[in-house]
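What you see is a predicted model; the values in this text were computed from it and never measured.
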Amino acid sequence: MPLQSTEGAAPEVTITAPSDADVLSIGTAVQLTAQVVDIDQDPTDLEVAWTSDIDGVIGTSSIDATGLSSFAWPAAGRGAGPHTLTATVVHPCGDGAATVDVCQQGGYVEDELDLASWH
């Protein structure tokens with residue numbers, strides 16, 4: 001009798017926070033969360049790599065037994081403007097990924113304003 005097997009599949013990844021078009025506050029860490037579904041492998045054996053098209057690799061996070069992965073994106077060093085965030089799970093049967101578009105508010109520095117020149 002011939003040996004039969006089922007081909008493995010890449011994990012399914014969904015970013016649950018932040019949402020598309022969210023505006024990120026200045027000076028506050030942002031909680032990134034992803035849900036990973038992988039029927040071929042225990043999700044705790046995998047991890048999520050988080051990247052920004054502006055800032056590059058921003059960190060990695062583990063995945064719990066329910067498939068949930070969370071990462072606190074620090075405020076320090078986050079570039080201003082629109083970002084496309086990507087959560088990628090590397091898997092032997094193919095990588096799974098999801099993206100979300102957010103916008104980091106720009107800032108200003110008060111001490112650069114010459115208040116004596118204002119009337």
Identify the two heavy atoms, one from [X] and one from [Y], that lie closest to each other, and give their separation to 0.1 Å.
X   : Y   : result
P18 : D22 : CB-OD2, 3.4 Å
A65 : P43 : O-CG, 4.0 Å
D38 : P11 : CB-CB, 3.9 Å

Point-to-point distance, once rounded to the nearest 0.5 Å, from [atom1] of [X] to [atom2] of [Y]:
X    : Y   : atom1 : atom2 : value
C103 : D20 : SG    : CG    : 12.5 Å
L85  : D53 : CG    : CG    : 8.0 Å
T99  : I15 : OG1   : CD1   : 6.5 Å

- Task: Measure the shortest side-chain to side-chain distance between Q105 and L24 over non-hydrogen atoms and say whether it is less than 4.5 angstrom.
- Result: no
- Task: Answer yes or no: is there a side-chain heavy-atom contact under 4.5 Å between T51 and I58?
- Result: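 SC-SC contact between T51 and I58 ruled out.
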- Task: Tell me, with the steps shown, if V36 and E12 meet side-chain contact (heavy atoms from CB on, under 4.5 Å).
- Result: CA-CA 6 Å; V36 179; E12 295 177 25; over 6 Å; no
- Run the side-chain contact (heavy atoms from CB on, under 4.5 Å) check on F71 and T33 step by step: do they pass? CA-CA 6 Å; F71 174 73; T33 57; over 6 Å; no
- Item | In one Ile/Leu/Val/Met/Phe/Trp/Tyr side-chain cluster, 4.5 Å: V13, L68 |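 No; L68 is not reachable from V13 via cluster members.
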- Message: Grouping I, L, V, M, F, W and Y whenever their side-chain heavy atoms are under 4.5 Å apart, do I54 and L32 come out in a common cluster?
- Response: no
- Task: Can you run down the side chain to side chain donor-acceptor pair (under 3.5 Å) pairs that involve residues 55-67, sequence neighbours left out, and say none if there aren't any?
- Result: W50-S61, S61-S69, D64-T66
- Message: Suppose the criterion is side chain to side chain donor-acceptor pair (under 3.5 Å): which pairs have a residue in residues 75-88, not counting sequence neighbours?
- Response: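 Applying side chain to side chain donor-acceptor pair (under 3.5 Å) to every pair that reaches into residues 75-88, excluding sequence neighbours, yields S52-H83, R78-Q104, T84-D101.
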